[in-house]
Participant: 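Please find one structure pasted underneath; my questions will follow.
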Amino acid sequence: MVEVDHRTTLLDLLRENLGLTGSKKGCDHGQCGACTVLLEGRRVNSCLMLAVAQEGYEIVTVEGLAAAAGPDGDLHPLQRAFLDRDAFQCGYCTPGQLCSAVGMLEEAKAGQPSVVTDMEQPTDAPVQLTPAEIRERLSGNLCRCGAYSNIVNAVQDVIA
Ligand code: FES
Ligand code: FES
């Protein structure tokens with residue numbers, strides 16, 4: 001149990017109160033995606049969420065992705081792919097990119113369309129993550145270093 005001011009955002013709770021500094025504060029306005037975490041499996045901008053409203057919900061940060069992969073310092077397959085593909089430079093956006101990509105994989109598997117999805121596709125069928133789909137679905141995560149092409153390559157490695 002953590003007691004926080006009712007105005008505390010989920011991002012500040014994670015970083016300031018719980019010491020989970022993997023999630024980054026880029027804009028603090030819901031514009032950059034650096035603070036993306038998984039809330040009950042769905043990706044959210046934690047800078048826009050009030051911490052007190054999330055009581056009882058499962059929240060996974062980038063630290064949790066690795067922890068879920070195994071006890072011996074294993075990495076989530078996406079984390080491994082980002083390393084193999086050199087999908088970052090400064091790394092500031094990377095935790096958000098990773099959490100967002102994990103959420104994206106689940107959304108596509110569940111058949112949730114994006115704006116570039118073929119409208120003829122059956123709504124309950126998984127969406128094939130083409131490079132255009134990946135770019136569109138990760139467009140809420142900005143990278144000031146411009147590592148976008150290698151991020152797409154890394155995601156494609158995981159779904160191959
Ligand atoms: Fe949350 Fe930029 S810090 S979207
Ligand atoms: Fe630097 Fe994306 S790797 S902001």
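All ligand and atom numbering here is 1-based and tracks the order in the structure.
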Participant: Answer yes or no: is there a donor N or O on one side and an acceptor on the other, between the side chain of Glu40 and the main chain of Glu58, under 3.5 Å?
Facilitator: yes
Participant: Run through ligand 2 for me and note each protein residue having a heavy atom under 4.0 Å from it, chain first, then residue number.
Facilitator: Phe88, Gln89, Cys90, Gly91, Cys93, Cys143, Arg144, Cys145
Participant: Which atoms of ligand 1 sit under 4.0 Å from any heavy atom of Gly30?
Facilitator: 4 (S)
Participant: Need the ligand 1 atom indices (1-based, order shown) with element for anything under 4.0 Å from a heavy-atom of Cys35.
Facilitator: 1 (Fe), 3 (S), 4 (S)
Participant: List ligand 1 atoms under 4.0 Å from Asp28, heavy atoms only on the residue side.
Facilitator: 2 (Fe), 3 (S)
Participant: Checking Glu106 now: which residues fulfil salt bridge (Lys or Arg N to Asp or Glu O under 4.0 Å) with it, not counting sequence neighbours?
Facilitator: Lys109
Participant: For Glu107 and Gln112, indicate whether the former's side chain and the latter's backbone hold a donor-acceptor pair under 3.5 Å.
Facilitator: no
Participant: Could you tell me whether Leu48 approaches ligand 1 through its side chain, its backbone, both or neither, with non-hydrogen atoms closer than 4.0 Å?
Facilitator: neither
Participant: Could you list the atoms of ligand 1 found under 4.0 angstrom from a heavy atom of Cys47?
Facilitator: 1 (Fe), 3 (S), 4 (S)
Participant: State which residues pass salt bridge (Lys or Arg N to Asp or Glu O under 4.0 Å) with Arg85; sequence neighbours excluded, sorted by chain then number.
Facilitator: Asp157
Participant: Does some side-chain heavy atom of Arg42 sit less than 4.5 Å from a side-chain heavy atom of Leu39?
Facilitator: no
Participant: Has Gln128 got more than 12 heavy atoms of other residues, nucleotides or ligands less than 6.0 Å from its CD?
Facilitator: no
Participant: Can you see whether Tyr148 has Arg135 sitting over its ring - NZ or CZ less than 6.0 Å from the centre and within 45° of the normal?
Facilitator: no
Participant: Which atoms of ligand 1 sit under 4.0 Å from any heavy atom of Cys27?
Facilitator: 2 (Fe), 3 (S), 4 (S)
Participant: Would you tabulate the side-chain donor-acceptor contacts of residues 2-9 under 3.5 Å, counting partners in other chains and residues two or more places apart, or write 'none'?
Facilitator:
residue: Asp5; atom: OD1; partner: Arg7; partner atom: N; Å: 2.7
residue: Asp5; atom: OD1; partner: Arg7; partner atom: NE; Å: 2.8
residue: Asp5; atom: OD2; partner: Arg7; partner atom: NH2; Å: 2.9
residue: Thr8; atom: OG1; partner: Asp5; partner atom: O; Å: 2.9
residue: Thr9; atom: OG1; partner: Asp12; partner atom: N; Å: 3.1

Participant: Please confirm whether the backbone N or O of Gln31 pairs with a side-chain atom of His29, one donor and one acceptor, at under 3.5 Å?
Facilitator: no
